[in-house]
There are 2 protein chains.
Amino acid sequence: MDIFLKTIGSINDETRIKILNFINQNGEVCVCDIESAFNMIQSRVSRHLKILKEGGFLKVERRGRWAFYSIRTPLDAFRQSILEEIACLGLELPIGESRCRR
Amino acid sequence: MDIFLKTIGSINDETRIKILNFINQNGEVCVCDIESAFNMIQSRVSRHLKILKEGGFLKVERRGRWAFYSIRTPLDAFRQSILEEIACLGLELPIGESRCRR
DNA sequence: CTTATATATCAAGATATATTGATATATAAG
DNA sequence: CTTATATATCAATATATCTTGATATATAAG
């Protein structure tokens, strides 16, 4: 129950739905990518990414100064179906020029 | 987005998850059935059922004094997958003796 | 018609969650 | 070593959600 609630709670927020969809469409992104793509302050982005990670949707890999977030693989069928449902919402994707070198 | 958030928000609550699973396993129930099965006061039950209905999971049919709630049919694949995920949580089902005549 | 029952809704208080600005940590650059 | 950059976390405030008790409505029973 706790894990299920954490998963559902992690997508019970418009900001996180948009961030999750952005990562699902763009692949690996760092915190600053989302910061600039969505024009949000760093602490806010960082917190939402943490919640999505704890919800089981994202993995993070540190390389140098950057933390790269991407969809966790393999992803179970339930979370996969959520990603698909979100992809079908027709959210506008902000154009994300990456500010960090990869 | 609004409909999706309403759907997700409707299951972002332990009480509603249990109620939804109870209805999914037992079929049609009235408000007082849940009241007694879960030992909750009437206004609380009524409110949670309304939220689950607005989340697209339940339909309601009034017969006499009673309001009978059941899983909406046909249910779309996404909400269906949520019900299945909840069914797999292994929640204990309270024994629901119906207090109302059917 | 009056009373009892089932449900819905509202207002107030309690609890949880989101946002912001400040600070901490770690890595890279000069 | 010192400074700048990227990220994480904390404390305070703002906002949303949940619970309860009171009240309203509708139907059935006496």
Side-chain angles (χ1 to χ4, degrees), chain A residues 1-2 4-20 22-23 28-55 57-70 96-102, chain B residues 1-2 4-20 22-23 28-55 57-70 96-102:
Chain A
M1 168 68 96
D2 284 358
F4 181 78
L5 259 175
K6 213 161 198 177
T7 301
I8 295 304
S10 75
I11 52 166
N12 188 38
D13 180 276
E14 185 163 351
T15 301
R16 286 196 292 274
I17 291 170
K18 287 176 179 168
I19 290 175
L20 184 56
F22 181 74
I23 298 176
E28 196 175 58
V29 299
C30 64
V31 178
C32 60
D33 288 341
I34 296 174
E35 233 177 299
S36 53
F38 289 92
N39 194 32
M40 296 199 295
I41 66 175
Q42 181 270 324
S43 67
R44 187 180 171 195
V45 174
S46 189
R47 186 175 182 278
H48 282 308
L49 287 170
K50 184 185 185 183
I51 292 171
L52 285 167
K53 180 166 167 284
E54 290 175 349
F57 288 98
L58 301 181
K59 65 178 161 67
V60 59
E61 188 193 330
R62 276 201 157 267
R63 290 202 299 274
R65 279 179 281 184
W66 294 280
F68 292 94
Y69 286 85
S70 54
E97 287 266 326
S98 185
R99 271 165 38 203
C100 61
R101 289 166 300 115
R102 311 253 176 123
Chain B
M1 169 67 95
D2 284 359
F4 181 79
L5 260 174
K6 212 161 198 178
T7 301
I8 296 302
S10 75
I11 51 166
N12 188 36
D13 180 276
E14 185 162 350
T15 302
R16 285 195 293 273
I17 291 170
K18 287 177 181 168
I19 290 176
L20 184 56
F22 181 74
I23 296 176
E28 195 177 58
V29 299
C30 63
V31 177
C32 61
D33 288 341
I34 296 174
E35 234 179 298
S36 53
F38 290 93
N39 194 33
M40 296 198 297
I41 65 174
Q42 182 270 323
S43 67
R44 188 181 172 193
V45 174
S46 188
R47 186 176 182 277
H48 283 308
L49 287 169
K50 184 186 185 183
I51 292 171
L52 286 168
K53 179 166 168 285
E54 288 174 351
F57 288 98
L58 301 182
K59 65 177 159 67
V60 61
E61 189 193 328
R62 275 200 159 269
R63 292 203 296 275
R65 280 179 281 186
W66 294 281
F68 292 94
Y69 285 86
S70 54
E97 287 267 325
S98 186
R99 270 166 38 204
C100 60
R101 290 167 301 116
R102 310 249 179 129

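Sequence lines set the chain letters: A, B, ... in the order given, protein chains first and strands last, and positions in each chain run from 1. Predicted, not measured: the structure shown is a model, and the values here were computed from it.
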Of all the choices, D:dA8, C:dA18, D:dG21, which nucleotide is nearest to the side chain of A:H48 once you look at every atom?
C:dA18
Expressed as a whole number of angstroms, how long is the span from B:R44:CZ to C:dA11:P?
21 Å
Name the residue closer to the 5' end of DNA chain C, choosing between B:S43 and A:N12 according to the nucleotide with the nearest heavy atom.
B:S43
For C:dA8, does the base pair up with any side-chain atom of B:Q42 as donor and acceptor (N or O, under 3.5 Å, distance only)?
yes
In whole Å, what is the span from the CD1 atom of A:I51 to the P atom of D:dA8?
13 Å
Could you state the atom-to-atom distance from NZ of B:K50 to C1' of D:dT17 in whole Å?
14 Å
Any side-chain heavy atom of B:I11 within less than 4.5 Å of one from B:F57?
yes
Side chains of A:I8 and B:D13: closer than 4.5 Å at any heavy-atom pair?
no
Give none if D:dA29 has no partner; otherwise give the nucleotide forming a Watson-Crick or G-U wobble pair with it, both distances under 3.5 Å.
C:dT2
When you check the phosphate oxygens OP1 and OP2 of C:dA6, does a side-chain N or O of B:R62 lie under 4.0 Å from one of them?
no
For the pair made of CD in A:E28 and P in D:dA6, what is the distance, rounded to whole Å?
16 Å
It should be established whether A:Y69 places a side-chain nitrogen or oxygen under 4.0 Å from OP1 or OP2 of nucleotide D:dA6.
no
May I ask which nucleotide in the shown strands pairs with C:dT15, Watson-Crick or G-U wobble, both distances under 3.5 Å?
D:dA16
Whole angstroms only, please: what is the CD1-C1' distance between B:I41 and C:dA8?
13 Å
Which nucleotide in the list C:dA8, D:dC18, D:dT7 gets nearest to the side chain of B:A67?
C:dA8
Any salt bridge between B:E61 and B:R63, counting N to O under 4.0 Å?
yes
What nucleotide, of D:dT7, D:dC18, C:dT19, holds the atom closest to the side chain of A:T15?
C:dT19
Using whole Å, report how far CZ of A:R47 lies from P of D:dC10.
11 Å
OP1, OP2 of C:dA18 versus side-chain N and O of A:R16: anything below 4.0 Å?
yes
I want to verify a distance call: between D:dT7, D:dC18, C:dA22, whose nearest atom is closest to the A:E35 side chain?
D:dT7
Separation of C:dA29 atom P from A:W66 atom CH2, nearest Å, is 8 Å
Whole-Å distance, B:I19 CD1 to D:dT19 C1', equals 13 Å
If you check every side-chain atom of A:R65, which of D:dT9, D:dA22, D:dA6 has the closest atom?
D:dA6
So, do B:I34 and B:I23 sit near enough that their side-chain heavy atoms are less than 4.5 Å apart?
yes
Please say whether more than 12 non-hydrogen atoms of neighbouring residues, nucleotides or ligands are located less than 6.0 Å from NZ in B:K6.
no
